[in-house]
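The shown structure was predicted, so the numbers you read here are calculated from the model rather than taken from an experiment. The chains referred to below are lettered A, B, ... by the order of the sequence lines, with proteins before strands, and numbering in each begins at 1.
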4 protein chains.
Amino acid sequence: MTVENKETDTMAPVTEDRIRQSFAAQSLMATFGATLARVEEGVVEIEAPILPGSRQQHGFAHAGLTFAIGDSAAGYAALSVLPEGYEVLTTEMKVNLLATGQGDLLVARGKVIKPGRRLVIVQADVFALTDGKETHIALLTGTMMPVAPK
Amino acid sequence: MTVENKETDTMAPVTEDRIRQSFAAQSLMATFGATLARVEEGVVEIEAPILPGSRQQHGFAHAGLTFAIGDSAAGYAALSVLPEGYEVLTTEMKVNLLATGQGDLLVARGKVIKPGRRLVIVQADVFALTDGKETHIALLTGTMMPVAPK
Amino acid sequence: MTVENKETDTMAPVTEDRIRQSFAAQSLMATFGATLARVEEGVVEIEAPILPGSRQQHGFAHAGLTFAIGDSAAGYAALSVLPEGYEVLTTEMKVNLLATGQGDLLVARGKVIKPGRRLVIVQADVFALTDGKETHIALLTGTMMPVAPK
Amino acid sequence: MTVENKETDTMAPVTEDRIRQSFAAQSLMATFGATLARVEEGVVEIEAPILPGSRQQHGFAHAGLTFAIGDSAAGYAALSVLPEGYEVLTTEMKVNLLATGQGDLLVARGKVIKPGRRLVIVQADVFALTDGKETHIALLTGTMMPVAPK
């Protein structure tokens, strides 16, 4: 992967701050008890517990939770390779569900497959953690559209 | 579309009851304030307000909300064409986001594209309602896997 | 659907000519024996026989054929709602295969779900015809990126 | 990844033979001049030149070619982790196109993300080679349905 819009080391902390501010403004992430566990250029991780209010009919993580943290992790991974002032919008996202979401915690790892100013192609893997053991429960692939500053 | 497992009119209320019970057991739907607005053979509608806790960073509906009600509407549409005792699991779902989710209410309309005992192919359209006017905000297509009673 | 870039009736033939020229330049369509059966604003149909050289290991239409004509029908449907001089590129396309591709002829019907200058969301349905009877064999949903004239 | 249906070393050649026989029976692969470059448990590579008859309107590889070899590589990767006698059918496949398909040769690398007797989740990456340099032109993710021997 070639990161087109590589930023200097001194700008990196600014980017992380901006991502953390945007994440904090997403009320759904607070509803899910989700936190930003890792922010690097091109890679972002979001963790979320399987709260009593985030479940499907059998008591496991609802696919809506899995999708939401995977989509957000992928979106912020895309944002992390864009210049200051940009935002991103998800235009499409596909999730393949690999296993039921059960365990202590879900972790979504978003990464950039192909950067670009018009479109950023992204992927996210979601894992369920039980006693420190990871199970791969979902694979997401999608497209983010950068929105330039006005 | 040929509905393989067509049920008689007298069985229809049973199916709707079963779907309503399953929906009621999905805690995420309660968290989102979502309700089952329509249950017919092959077509299910779910409505949800854009609650203060369901939003993305600009205050619009989070894609996780849009996905969750679209996925559930599609899943219950699949369940509505299966025999009593079956359940369904989402194996994959893709969402194309068409417009920002803003308005008074979101409505997800799930339908069956192709029924089957091994896989059910489904679609859902999600609309945002503002002053009674509908905006098409998302198109979902996916695959549900029927799980036979034990 | 609101077609943003509605063109006047007098321009419509120009658009169809341009689409037919582009189609004629796609050598893969000639390899497949495919023809443009219908070109209207927002809707394009492509027909193709299941040639001896277009098959999978059981002698049915290869998914590559189904995909190719579905993708092209969707792409030209997108082009048909864009102003003169534009081109389109597929950025992503998902196909759900509903039935084996067997019969006398395949027909792909592409349509525009959501027009736009940055992205056009499209859908295509592919049918197999046997003795005049249609079987729905594939559903494609995808995203086309308009490329403005230089 | 845990390969559920691990076969013994002595069976491995049989599996590769079976895959090579199936590939040889796909007439579309011959039309495309495609060859099976690598067959291992869970990983299959297919190579194809960009023949004069495999192109889109600008002379580059048609997305139908990219899709066809990616889908087949992913399908045979799935088959390689199934017991003797099984076949696989693609139920859905999404392709994200990352760059135009231009160069001397396309290479599709299919792999298994999640094996299973009911469904096998797969991925394929397609690269274009020019003077030995690889460009990542497509990412495919999809679902294969195993068909048990009768």
Self-check item: Heavy-atom pairs under 4.5 Å with chain A, option from B:Thr90, B:Val95, B:Leu89 with the top count
Solution: B:Val95
Quiz item: Got a salt bridge between A:Glu40 and A:Arg38, using NZ or NE/NH1/NH2 to carboxylate O under 4.0 Å?
Solution: yes
Practice problem: For residues A:Ala68 and A:Phe32, report the shortest heavy-atom separation together with the two atoms involved. | Solution: CB-CE1, 3.7 Å
Quiz item: Run the side-chain contact (heavy atoms from CB on, under 4.5 Å) check on B:Val112 and B:Ile121 step by step: do they pass?
Solution: CA-CA 6 Å; B:Val112 173; B:Ile121 311 304; over 6 Å; no
Quiz item: Tell me, side chain or backbone of B:Glu87 under 4.5 Å from chain A's heavy atoms, or both, or neither?
Solution: side chain
Exercise. For residues B:Thr130 and B:Gln102, report the shortest heavy-atom separation together with the two atoms involved.
Key: OG1-O, 3.6 Å
Quiz item: chain B heavy atoms under 4.5 Å from A:Leu139: which part of the residue, side chain, backbone, both or neither?
Solution: neither
Quiz item: How close do A:Ala48 and A:Leu65 get, heavy atom to heavy atom, and via which atoms?
Solution: CB-CD1, 4.3 Å
Quiz item: What part of B:Asp71 is in contact with chain A, defined as an atom under 4.5 angstrom from a non-hydrogen atom: side chain, backbone, both or neither?
Solution: side chain
Quiz item: Between the side chains of A:Thr143 and A:Glu92, does any donor sit under 3.5 Å from an acceptor?
Solution: yes
Quiz item: At a heavy-atom separation under 4.5 Å, does B:Thr100 approach chain A through its side chain, its backbone, both, or neither?
Solution: neither
Quiz item: Is B:Arg55 close enough and on-axis enough to B:Phe60, meaning under 6.0 Å and within 45°, for cation-pi?
Solution: no
Quiz prompt | B:Glu45 and B:Lys111 ion-paired at < 4.0 Å | solution = no
Quiz item: For chain B, which residues from residues 23-30 of chain A lie under 4.5 Å away (heavy-atom distances)?
Solution: A:Ala25, A:Gln26, A:Ser27, A:Leu28, A:Met29
Quiz item: How far does OH of B:Tyr76 sit from CZ of B:Arg20, to the nearest 0.5 angstrom?
Solution: 11.0 Å
Quiz prompt | Among the listed options B:Gly70, B:Ser54, B:Gly142, the residue most often paired with chain A at heavy-atom distances under 4.5 Å | solution = B:Ser54
